[in-house]
Amino acid sequence: MKTIFKSGENADAIKQAATILQNSGLVAFPTETVYGLGADALNAEAAAKIYAAKGRPSDNPLIVHIADKNAVYELADNVSEKAVMLMEAFWPGPLTIILPKKNIVPYGTTGGLNTVAIRMPSHPVALSLIKESGVYIAAPSANTSGRPSPTNAEHVKEDMDGRIDMILDGGAVGIGIESTIVDMTGEAPTILRPGFITKKMIEDIVGPVRTDKAILCPDAAYKPKAPGMKYTHYAPKGELTIVESSTNDNLAVINKINSLVSEKTNAGYNVAIISSEENAGKYNCEHIFIAGSVSKDETVAARIYGILRQCDDISADFIFSEAFDKGALGSAIMNRLLKAAGQRIINV
Ligand code: TXA
Ligand code: MG
């Protein structure tokens, strides 16, 4: 298959992409979080193509993207008052809401579940594509299953060229990590995946919110309520280890990383460091990737997936990263980083 690559700014390109979606094809497009790989959500055959292109396990459900809040009532049943409050507060934006599904949504889209994940993105290209096509777009992140989510169109091309019909280029995304997922089907709203919309922001709107135990204790035997959260995601090819200090001993972190780097470098391995802006000058290593400032963790969120891909580009065998757990996005960033590290973390 030849993949068409066009700017999402271009109205003709949006029209062409819309036609592809209407004909059960696959289009990758930018959202404010990460790039999505879209297909007609109400067409099980089209949704099945997403799983094939990504190599995604079929029990891992897709998020349905809408361009108008009222679409929720076509897709979901029992839309609670609190769910409406969240839609009003955070849509369009990086929040996905889980609700009981209506029959119109095929099990092929929901991974066999009776619930459906819905999100109204804020990216203008995503919104135009949904409106122009008249289709609700099922879209996971547009990476090969297991690779870091794509934060620019080049990343999508790396993984999907020749496997999908079209890529709409909207430049680098703004946020860089996937939407917060909140389950509104139970007694209390429950966060299934942390993201840019924090627990505190949600609690300010609807009161007490739970967090899925599997996120808090990823090592324990809890089965995540979001099926996708059980897979080792986002992993670079090299072995990633996070070095943190529970006593905030920054110097101890730097010393530990430097000693691990020299050990591996001396053994002949190719090594990379993921550093904060503040510490970058204090390391001895050929490859130092600066994730951003500790005091501005939205920069870290925006860069982290791209850096994990760069680690692959330079064929890093071992990667050592600082922890980025202090700011408002700390739990969202660490959730991704810990998965990428297979939960490998050293406390100094
Ligand atoms: O920001 C985002 O959410 C991006 C952009 C493209 O919108 N999409 C995204 O999709 O991250 P994906 O497929 O990579 O992650 C979707 C997650 C998976 O962990 C999946 O298991 C969970 O959402 N999910 C989807 N439907 C669900 C449902 N009905 N119940 C529980 N979890 C669900
Ligand atoms: Mg994904």
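Both ligands and their constituent atoms are indexed starting at 1 by order of listing. Excluded from the calculations below are hydrogen atoms, water molecules and symmetry mates; all remaining heavy atoms, backbone and side chain alike, are included. Only a predicted model underlies this, so the values are computations on that prediction, with no experimental measurement involved.
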Checklist line | Electrostatic pair Asp212:Lys225 at N-O distance under 4.0 angstrom | finding: no

Notebook entry, point to check: Against heavy atoms of Met229, which atoms of ligand 1 measure under 4.0 Å?
Noted result: 19 (O)

Notebook entry, point to check: Does ligand 1 have an atom under 4.0 Å from some heavy atom of Thr110?
Noted result: no

Check: Short list, please: which atoms of ligand 1 are under 4.0 Å from a heavy atom of Ile181?
Finding: 17 (C), 22 (C), 23 (O)

Note to self: Test of understanding: given a 4.0 Å heavy-atom threshold, classify the contact between Thr33 and ligand 1 as side chain, backbone, both, or neither.
What the structure shows: side chain

Notebook entry, point to check: For Thr33 and Pro94, which heavy atoms make the closest approach, and how far apart are they?
Noted result: CG2-CB, 3.5 Å

Note to self: Taking the basic N atoms (NZ, or NE/NH1/NH2) and the acidic carboxylate oxygens, is any pair closer than 4.0 Å for Lys256 and Glu322?
What the structure shows: no

Notebook entry, point to check: Which ligand 1 atoms does Gly36 reach within 4.0 Å, using its non-hydrogen atoms?
Noted result: 6 (C)

Check: Is there a donor-acceptor contact under 3.5 Å linking the side chains of Thr151 and Arg303?
Finding: no

Notebook entry, point to check: Quick check: does Ser145 have an N/O/S atom under 2.8 Å of the Mg ion (ligand 2)?
Noted result: no

Notebook entry, point to check: Near Lys69 NZ, under 6.0 Å, is it more than 12 heavy atoms from other residues, nucleotides or ligands?
Noted result: yes

Enumerate, atom names and distances included, each donor-acceptor pair closer than 3.5 Å involving a side-chain atom of residues 20-29, sequence neighbours excluded.
{"unit_1": "Gln22", "atom_1": "NE2", "unit_2": "Ser133", "atom_2": "O", "d": "3.0"}
{"unit_1": "Asn23", "atom_1": "ND2", "unit_2": "Thr19", "atom_2": "O", "d": "2.8"}
{"unit_1": "Ser24", "atom_1": "OG", "unit_2": "Asn43", "atom_2": "ND2", "d": "3.0"}

Notebook entry, point to check: So does Glu158 pair up with Arg309, basic N to acidic O under 4.0 Å?
Noted result: yes

Note to self: Less than 4.0 Å is my threshold; does some heavy atom of Pro94 fall inside it relative to ligand 1?
What the structure shows: no

Check: Are Ser179 and Thr96 close enough that a side-chain donor and a side-chain acceptor fall under 3.5 Å?
Finding: yes

Check: Phe320 ring centre to Lys264 NZ or CZ under 6.0 Å, with the angle to the axis within 45°?
Finding: no

Margin query: Under 4.0 Å from a heavy atom of Ser141: which atoms of ligand 1 are those, numbered in the order shown and with their elements?
Written below: 8 (N), 9 (C), 10 (O), 12 (P), 14 (O)

Next item on the list: Find all atoms of ligand 1 within a distance of less than 4.0 Å from any non-hydrogen atom belonging to Pro227, and give their numbers and elements.
Entry: 21 (O), 31 (C), 32 (N)

Checklist line | Atom indices of ligand 1 within 4.0 angstrom of Thr115 heavy atoms, with elements | finding: 28 (C), 29 (N), 30 (N)

Checklist line | CG (Asn103) with more than 12 external heavy atoms under 6.0 Å | finding: no

Next item on the list: Taking only heavy atoms of Asn60 into account, list the atoms of ligand 1 that are under 4.0 Å away from them.
Entry: 18 (C), 20 (C), 21 (O)

Next item on the list: Please state which part of Arg56 comes within less than 4.0 Å of ligand 1, counting heavy atoms only: side chain, backbone, both or neither.
Entry: side chain

Notebook entry, point to check: Can you tell me how far CD1 of Ile319 sits from CD of Glu239, rounded to the nearest 0.5 angstrom?
Noted result: 9.0 Å

Margin query: Nearest non-hydrogen contact with atom 32 (N) of ligand 1 belongs to which option: Ala28, Pro30, Ala226, Ala117?
Written below: Ala226

Margin query: Looking at ligand 1, is there an atom of it that comes within less than 4.0 Å of some heavy atom belonging to His65?
Written below: yes

Check: So which of Arg119, Arg193, Glu178, His123 gets nearest to atom 15 (O) of ligand 1, if we judge by its closest heavy atom?
Finding: Arg193

Check: Nearest heavy atom to atom 30 (N) of ligand 1: which of Ile98, Leu62, Ile63 does it belong to?
Finding: Ile98

Check: Which ligand 1 atoms does Lys225 reach within 4.0 Å, using its non-hydrogen atoms?
Finding: 31 (C), 32 (N)

Note to self: On a heavy-atom basis, I'd like to know which of Ala142, Pro140, Ser145, Ser179 is closest to atom 10 (O) of ligand 1.
What the structure shows: Pro140

